[in-house]
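The structure appears below as structure tokens.
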Amino acid sequence: MAGTKALLMLENFIDGKFLPCNSYIDSYDPSTGEVYCKVPNSGEEEIQAAVEAARKAFPGWSSQSPQERSRVLHQVADVLEQSLEELAQAESKDQGKTLALARTMDIPRSVQNFRFFASSILHHTSECTQMDHLGCLHYTVQTPVGIAGLISPWNLPLYLLTWKIAPAIAVGNTVIAKPSEMTSVTAWMLCKLLDKAGVPPGVVNIVFGTGPRVGEALVSHPEVPLISFTGSQSTATRITQLSAPHCKKLSLELGGKNPAIIFEDANLEECIPTTVRSSFANQGEICLCTSRIFVQKSIYSEFLKRFVEATRKWKVGIPSDPLASMGALISKAHLEKVRNYIKKALAEGAHIQCGEGVDKLSLPARNQAGYFMLPTVITDIKDESCCMKEEIFGPVTCVVPFDSEEEVIRRANDVKYGLAATVWSSNVGRIHRVAKKLQSGLVWTNCWLIRELNLPFGGMKSSGIGREGVKDSYDFFTEIKTITVKY
Ligand SMILES: NC(=O)C1=CN([C@@H]2O[C@H](COP(=O)(O)OP(=O)(O)OC[C@H]3O[C@@H](n4cnc5c(N)ncnc54)[C@H](O)[C@@H]3O)[C@@H](O)[C@H]2O)C=CC1
Ligand SMILES: N/C(=C\C=C\C(=O)O)C(=O)O
């Protein structure tokens with residue numbers, strides 16, 4: 001038809017070759033609501049082909065020296081860096097995030113992921129003990145597990161996919177990755193760059209499709225001894241059930257209901273802009289985003305006034321708008337899910353200080369069908385509300401007062417999640433004391449999202465199992481063995 005744009009057709013990448021699929025899934029541009037891409041709707045057949053390719057490549061790749069694998073990973077980082085703009089444009093169009101965020105966060109961090117593990121792989125040491133009285137020496141060795149199954153989400157597509165691929169292949173595994181069917185384009189673009197970077201065929205295989213179909217085929221495959229997953233708790237439960245008969249190694253990085261705790265001695269000049277960003281960055285679609293803000297009563301009114309003013313300046317716009325702080329949410333269904341939480345809050349008697357249903361969102365005509373909403377601040381809401389207990393994963397945050405340190409720690413911990421938290425105070429003793437008592441795997445104090453890749457990343461309680469980082473990822477993607485030598 002006249003004016004019909006050609007759809008972007010993705011293909012699976014198996015054994016270093018692009019292969020078509022016999023059925024496809026529509027993939028949407030979140031800023032327009034239009035189908036612009038077709039993603040392979042793969043299944044067991046494609047997973048079996050990927051397993052055969054990964055199995056064939058494993059001996060060669062795992063026997064390479066760390067130095068050689070490091071060299072290849074640096075080359076992957078180089079080609080990603082050279083394609084930064086193209087990748088950023090694609091990520092923004094596919095996920096709905098602003099182009100500015102893709103340029104400054106998503107793609108640079110994808111590059112860093114490869115560089116980081118290319119370096120760290122050269123510095124791991126093993127352990128050794130002596131039993132001289134028995135004439136024994138004991139030492140450990142760590143070897144790659146084999147074929148790593150990697151399942152990544154739609155919120156930080158290339159950023160989180162490479163956070164799994166890089167360590168997995170750095171230690172000598174081969175991988176089968178399944179990105180989210182909603183954001184598959186940059187993974188497909190990565191495949192095109194792997195050959196250029198000298199990654200041997202079969203080392204990285206990317207199979208596209210839905211979770212229940214191809215995701216479960218990957219999770220259930222007996223030759224895939226390990227699954228690294230980031231996404232929702234419900235899916236993690238399913239993956240755990242399916243992998244249990246095979247006793248697979250699992251890393252589950254799940255969601256959060258992250259508190260910000262703001263004491264009366266906080267530096268509000270720093271706290272407010274950072275807490276706006278921690279609440280609404282990437283449309284609030286980051287597992288580390290703040291969605292509960294506890295403010296000490298003596299400064300509650302001042303904080304709320306200034307926080308609402310600052311939130312109203314957090315501009316929603318089309319992703320290519322250089323002035324936009326926030327783009328479109330990932331899907332129509334997700335937008336409705338987030339909006340329903342706001343309706344539930346209103347039904348419980350809460351107040352909407354700004355955003356959805358209060359302020360007006362103006363968009364160009366071609367973006368009216370896009371999945372946009374305003375950053376929304378809810379107050380006068382009870383701790384028992386679903387908006388204070390459940391992961392909304394959108395640009396919605398609740399602001400509530402508290403009196404004492406003991407009270408706020410109890411309330412902040414009173415959720416099933418335990419991923420991240422921020423604490424704001426100029427009293428360093430209080431910072432250490434509160435941070436230690438919070439049930440969170442990550443606590444940022446007087447800041448947010450300053451990432452130290454060398455240290456463990458992950459959550460407790462329903463926020464997941466396992467950690468990722470230099471030693472944690474190395475230990476996860478390898479099997480450790482203790483060898484005793486009697487002399
Ligand atoms: N990073 C995080 O913490 C994320 C949390 N979420 C939460 O999950 C909610 C639902 O988002 P979804 O995209 O549906 O997340 P999801 O957990 O269903 O999807 C994440 C990945 O898992 C795959 N998957 C889904 N079902 C599967 C199955 N049965 N077996 C194997 N793989 C499967 C998906 O295809 C995707 O690649 C969000 O609203 C948010 O609350 C979603 C994405 C990221
Ligand atoms: N796992 C997620 C974010 C990780 C961020 C990082 O490693 O810096 C998520 O949003 O699901």
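Source: prediction; values computed, not measured. Here, residue 1 is the first one in the sequence, and each next residue gets the next number. Just so you know, ligand 1 is whichever comes first in the structure, and atom 1 is the first atom listed for that ligand.
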Under-4.0 Å heavy-atom contact with ligand 1, by part of His334 that carries it | side chain

Compute the shortest N/O to N/O distance between Glu253 and ligand 1 and return yes if it is under 3.5 Å, no if not.
-> no

Could you tell me whether the side chain of Asp475 and the main chain of Asp472 form a donor-acceptor pair under 3.5 Å?
-> no

What is the closest protein heavy atom to atom 5 (C) of ligand 2, and at what distance does it sit?
-> Tyr159 OH, 3.5 Å

Whether Lys437 side chain and Ile409 backbone form a donor-acceptor pair below 3.5 Å | no

For atom 14 (O) of ligand 1, state whether the nearest protein heavy atom is under 4.0 Å away.
-> no

Relative to ligand 1, is Glu285 under 4.0 angstrom through side chain, backbone, both or neither, heavy atoms considered?
-> neither

Using distance alone, with no hydrogens and no angle criterion, decide if Glu285 and Gln95 have a side-chain donor and acceptor under 3.5 Å apart.
-> yes

When you look for heavy atoms under 4.0 Å from ligand 1, do you find them on the side chain of Ser234, its backbone, both, or neither?
-> neither

Among all protein non-hydrogen atoms, which one is nearest to atom 1 (N) of ligand 2, and what is the separation to 0.1 Å?
-> Cys287 SG, 3.4 Å

Lys389 vs Lys416 side-chain heavy atoms within contact, under 4.5 Å | no

Return yes when Lys337 approaches ligand 1 closer than 4.0 angstrom through a heavy atom, no otherwise.
-> yes

Can you tell if the side chain of Ile121 reaches within under 4.5 Å of the side chain of Val171, non-hydrogen atoms only?
-> yes

Which is it for Leu254 and ligand 1 at heavy atoms under 4.0 Å: side chain, backbone, both or neither?
-> backbone

Modelled atom types, side-chain donor and acceptor of Lys461 and Gln439, under 3.5 Å | yes

Does NZ or CZ of Lys344 lie under 6.0 Å from the centre of the six-membered ring of Tyr341, at an angle within 45° of the ring axis?
-> yes

Can you tell me if Arg451 has a non-hydrogen atom under 4.0 Å from ligand 2?
-> yes

Quick one: are His334 and Tyr371 in side-chain contact, heavy atoms under 4.5 Å?
-> no

Minimum-distance protein heavy atom relative to atom 4 (C) of ligand 2 = Phe457 CZ, 3.4 Å

Do Thr210 and ligand 1 have an N or O pair less than 3.5 Å apart?
-> no

Under 3.5 Å: N/O of Thr235 near N/O of ligand 1 = yes

If we ignore angles and hydrogens, is there a donor and acceptor under 3.5 Å between the side chains of Thr210 and Glu181?
-> no

Where ligand 1 meets Thr230 - atom numbers and elements under 4.0 angstrom, heavy-atom basis | 1 (N), 20 (C)

Thr186 and Glu91: side-chain donor and acceptor closer than 3.5 Å?
-> yes

Within reach of ligand 1, part of Ala236 (heavy-atom separation under 4.0 Å) = neither

Any idea which of Ser232, Gly459, Gly211, Gly464 brings a heavy atom closest to atom 9 (C) of ligand 1?
-> Ser232

Does a side-chain heavy-atom distance below 4.5 Å link Thr422 with Thr445?
-> no

Proximity to ligand 1 by part of Gln233, non-hydrogen separation under 4.0 Å | neither

Can you tell me if Arg109 has a non-hydrogen atom under 4.0 Å from ligand 2?
-> yes

Side chain, backbone, both or neither: which part of Ile286 has a heavy atom under 4.0 Å from ligand 2?
-> both

Mark up the atoms of ligand 1 that fall under 4.0 Å of a heavy atom belonging to Glu216, in ascending order.
-> 28 (C), 29 (N), 30 (N), 31 (C)

Considering Phe393, Phe208, Trp154, which one's heavy-atom position lies nearest to atom 5 (C) of ligand 1?
-> Phe393

Going by heavy atoms in the side chains, are Cys271 and Asn267 under 4.5 Å from each other?
-> no

